[in-house]
Amino acid sequence: MYRFAELGIVINPILAIIICINLVTIINKVKNNEDTSTNTIIVSLSLAYIVFTISILASF
């Protein structure tokens with residue numbers, strides 16, 4: 001379980017950057033009337049992982 005916590009501490013900032021980049025991409029795609037489904041899925045999965053790891057870390 002501690003290995004998962006270490007991975008969460010390392011991966012969460014990277015996923016936060018990925019979320020920010022994808023949100024900017026989504027904004028640009030909405031402006032240009034393009035499909036945003038792939039970026040939305042990436043943001044959702046990244047956010048779910050961050051929330052899950054924060055929940056696990058808080059339980060220690």
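Values reported hereafter were calculated over all heavy atoms of this structure, with side chains retained and with hydrogens, waters and symmetry mates removed. None of the values given here were measured: they were computed from a predicted structure. Throughout, numbering of the chain's residues begins at 1 and tracks the sequence.
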A.B. asks: Side-chain heavy atoms under 4.5 angstrom apart, residues restricted to Ile, Leu, Val, Met, Phe, Trp, Tyr: same cluster for Ile56 and Ile54?
C.D. replies: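 Yes, it is one cluster - the side chains of Ile56 and Ile54 are joined through contacts under 4.5 Å.
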
A.B. asks: Ile19 versus Leu47: any side-chain heavy-atom pair under 4.5 Å?
C.D. replies: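 Yes, at least one pair of side-chain atoms sits under 4.5 Å.
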
A.B. asks: Are Val24 and Ile42 connected in the hydrophobic side-chain network, where two residues link if heavy atoms are under 4.5 Å apart?
C.D. replies: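 No: no chain of side-chain contacts under 4.5 Å links Val24 to Ile42.
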
A.B. asks: Atom CD1 of Ile9 and atom CG of Leu57: how far apart are they, to the nearest 0.5 Å?
C.D. replies: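 The distance works out to 5.5 Å.
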
A.B. asks: Taking Thr36 as the fixed residue, which of Ile26, Ile41, Asn22, Asn28 is the one that meets the side-chain contact (heavy atoms from CB on, under 4.5 Å) rule?
C.D. replies: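 Of the listed residues Ile26, Ile41, Asn22, Asn28, the side-chain contact (heavy atoms from CB on, under 4.5 Å) partner of Thr36 is Ile26.
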
A.B. asks: In sequence, state the C-alpha distance, the side-chain angles, and the governing distance for Ile11 and Thr53, and then conclude on side-chain contact (heavy atoms from CB on, under 4.5 Å).
C.D. replies: CA-CA 10 Å; Ile11 293 176; Thr53 54; over 6 Å; no

A.B. asks: May I ask you to test the Lys29-Asn39 pair for a side-chain heavy-atom distance under 4.5 Å?
C.D. replies: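 SC-SC contact between Lys29 and Asn39 confirmed.
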
A.B. asks: Within this structure, what is the CG-CG distance for the pair Asn12 and Leu15, rounded to the nearest 0.5 Å?
C.D. replies: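 Result: 6.0 Å between the selected atoms.
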
A.B. asks: Look only at the side chain of Ser46 and the backbone of Val43, and say whether a donor-acceptor pair between them is shorter than 3.5 Å.
C.D. replies: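 Side chain of Ser46 to backbone of Val43: no pair is present.
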
A.B. asks: According to a 4.5 Å side-chain heavy-atom criterion applied to Ile, Leu, Val, Met, Phe, Trp and Tyr, with indirect links allowed, do Ile14 and Leu23 form part of one hydrophobic cluster?
C.D. replies: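 In one cluster: yes.
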
A.B. asks: Once you round to the nearest 0.5 Å, how far does CD1 of Ile18 lie from OH of Tyr49?
C.D. replies: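 Those atoms lie 11.5 Å apart.
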
A.B. asks: Quick check: closest heavy atoms across Gly8 and Pro13, and the distance to 0.1 Å?
C.D. replies: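 So the two residues come closest at O-CD, 4.4 Å.
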
